[in-house]
Amino acid sequence: MRFLTMLFILGLAFSLNAQTAYWATTYKEYIKRGSTVLVAKEGYTFERTAYDLYIEKFYNNSEHPLREIITYADRRKKVLEGTWKTFYENGQVEIMGRYTEGQEAGRWYYYRENGELWKTCTFRDGVEECELEQVEVISEVPPANVRDYSQKTGSADASNASEDEKPIFKVAEEMPRFPGCETKGSLSERKQCAQTALLQNIYRRIRLPQGYTGPEGVIVVTFVVEADGVITNARVVRPLEERIDLVALELVKTMPNFIPGKQKGEPVRVQFNLPIRIKLE
């Protein structure tokens, strides 16, 4: 019996090594030169670099498979250290920046799917300062709104147009914020506090579906923050897996009203993209 058990363990180890070798070969063009591949499976690699950093990469099954790169200081993936990137399905970089000792550091870059740079942010001592490359980008046709406006009334005059007929800003001079930080002194402090509060709200409430074993990665939910702060039109624009996508969507739909975005001092409708990281640990 012991002999059979040993044979089984050796066979399993061989199978796992063969699987790692297969997927490491499949994704070899994305593995950093000089790195040692520690884990490789469908949609995922984990490598140790020559500089003793650990890089986690997630892949799509597409022509441009790379979806996300995360760099850690330790094998247990507790401290972020180094490059962090996400990609659109067409291979274009979406967000690019660096972490130092677990905190965003230096300059971060945000791109549109066509490669256009639309925002840069600089992190100093935990404070985020952002600059918009193009302030006013308005969708030509606002997406259908999930909120019922049938009880609202208003004249046909443009100044009294119903909320769902007003344009949606993709970028506004003052972006919407999660509530609860309005007593902070400066706008930068309010923004930083609101970002922290938003993430705490999401990750405090998230519950993985029973029996969920993966995949890990990032889901992106987009929604509209109305001029009164109400969240509408929430939908998943970067899915991961159907069950966990629905969890992320429900988290967004049940968030409290936001502090609305502003353009030229006036509240406006703004599209907001929220990445939600899913980890099994």
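Sequence positions, counted from 1, serve as the residue numbers for this chain. Just so it is clear, the values below take in all heavy atoms, side chains as well, and ignore hydrogens, waters and symmetry mates.
Sorted by first and then second residue, the pairs that involve residues 40-56 and meet salt bridge (charged side-chain N to carboxylate O under 4.0 Å, His left out), not counting sequence neighbours, are Glu47-Lys57, Glu56-Lys77. Among residues at least two apart or in separate chains, ring-ring contact (aromatic ring centres under 6.0 Å, His included) pairs with a member in residues 171-211 are Phe178-Phe258. Within the structure, salt bridge (charged side-chain N to carboxylate O under 4.0 Å, His left out) contacts touching residues 197-210 (residues at least two apart or in different chains) do not occur. Residue pairs that meet the salt bridge (charged side-chain N to carboxylate O under 4.0 Å, His left out) test with at least one member in residues 91-100, sequence neighbours left out, are Glu94-Arg238. The list of disulfide (SG to SG under 2.5 Å) pairs with a residue in residues 218-260, not counting sequence neighbours, is empty.
Using a cutoff of 4.0 Å between basic side-chain nitrogens and carboxylate oxygens, Glu68 and Arg277 are scored as salt-bridged.
Here the shortest heavy-atom pairing between Val225 and Pro260 reads CG1-CA, 4.2 Å. When all heavy atoms of Gly217 and Arg67 are compared, the pair lying nearest together is CA-NH2, 3.8 Å. Contact between Val218 and Pro275 at its shortest, heavy atoms only, is CG1-CB, 3.7 Å. Of all heavy-atom pairs between Gln210 and Arg243, the closest is O-NH1, 3.7 Å. The nearest pair of heavy atoms linking Lys253 to Ala234 is CG-CB, 4.1 Å. For Ile231 against Pro256, the heavy-atom pair with the smallest separation is CD1-O, 3.9 Å.
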- request: Output, in order, the C-alpha distance, side-chain angles, deciding distance and verdict of side-chain contact (heavy atoms from CB on, under 4.5 Å) for Ile219 and Leu249.
  value: CA-CA 9 Å; Ile219 300 169; Leu249 194 60; over 6 Å; no

Pair Tyr109, Val93 - check side-chain contact (heavy atoms from CB on, under 4.5 Å), show working. CA-CA 9 Å; Tyr109 302 88; Val93 174; over 6 Å; no

Check: Between Tyr59 and Thr45, does a side-chain contact (heavy atoms from CB on, under 4.5 Å) hold up when you go through it step by step?
Finding: CA-CA 8 Å; Tyr59 304 87; Thr45 59; 2.8 Å; yes

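Partners of Arg75 by side chain to side chain donor-acceptor pair (under 3.5 Å), not counting sequence neighbours: none found.
Using a 4.5 Å heavy-atom cutoff, the side chains of Phe58 and Pro215 are not in contact. Looking at Val247 and Leu208, their side chains never come closer than 4.5 Å, going by heavy atoms from C-beta outward. In this structure, Tyr110 and Cys121 have side chains that are in contact, with non-hydrogen atoms separated by less than 4.5 Å. Within the 4.5 Å cutoff, side-chain heavy atoms of Leu240 are placed close to those of Asp245. Residues Leu274 and Leu251 fail the side-chain proximity criterion, which asks for heavy atoms closer than 4.5 Å. Counting only heavy atoms from C-beta outward, the side chains of Ile202 and Met255 approach each other to under 4.5 Å. Side-chain contact between Trp108 and Ile95: present, with at least one pair of heavy atoms (C-beta onward) separated by less than 4.5 Å.
Put simply, CG on Asn257 and CD on Glu226 are 10.5 Å apart, with the number rounded to the nearest 0.5 Å. Of the inter-residue distances, the one linking Thr222 atom OG1 with Lys170 atom NZ reads 9.5 Å to the nearest 0.5 angstrom. To the nearest 0.5 angstrom, Thr49 atom OG1 is 12.0 Å from Ile31 atom CD1. One distance of note links CD1 of Ile70 with CG of Leu80; it measures 7.0 Å at 0.5 Å rounding. Within the model, atoms CZ of Phe272 and CD1 of Ile168 stand 15.0 Å from one another, a figure rounded to the nearest 0.5 Å. Taking CD from Glu173 and CD from Gln263, the interatomic distance works out to 4.0 Å, rounded to the nearest 0.5 Å.
A single hydrophobic cluster is not seen to contain both Leu246 and Ile244; linkage of ILVMFWY side chains at heavy-atom distances under 4.5 Å, directly or through other members, places them apart. Tracing side-chain contacts under 4.5 Å through hydrophobic residues (I, L, V, M, F, W, Y), one never reaches Val220 starting from Leu199; they form parts of separate clusters. Cluster membership for Tyr27 and Ile55, using ILVMFWY side-chain heavy atoms within less than 4.5 angstrom, is shared. Leu53 and Leu38 sit in two unconnected hydrophobic clusters of ILVMFWY residues. Membership requires side-chain heavy atoms under 4.5 Å apart, directly or through other members.
The closest donor-acceptor contact from the side chain of Asp74 to the backbone of Val79 lies under 3.5 Å. Between the side chain of Asn90 and the main chain of Glu113, a donor-acceptor pair closer than 3.5 Å is present. Formation of a donor-acceptor pair under 3.5 Å by the Tyr111 side chain with backbone atoms of Phe87 is not found in this model.
Atom CD of Glu182 sits in a crowded spot, with more than 12 heavy atoms from other residues, nucleotides or ligands closer than 6.0 Å.
Checked against a 6.0 Å centroid threshold, the rings of Trp84 and Tyr72 do not count as neighbours.
The only option from Asp228, Asn233, Val224, Val230 that meets the side chain to side chain contact (heavy atoms under 4.5 Å, CB included) definition with Arg269 turns out to be Val224.
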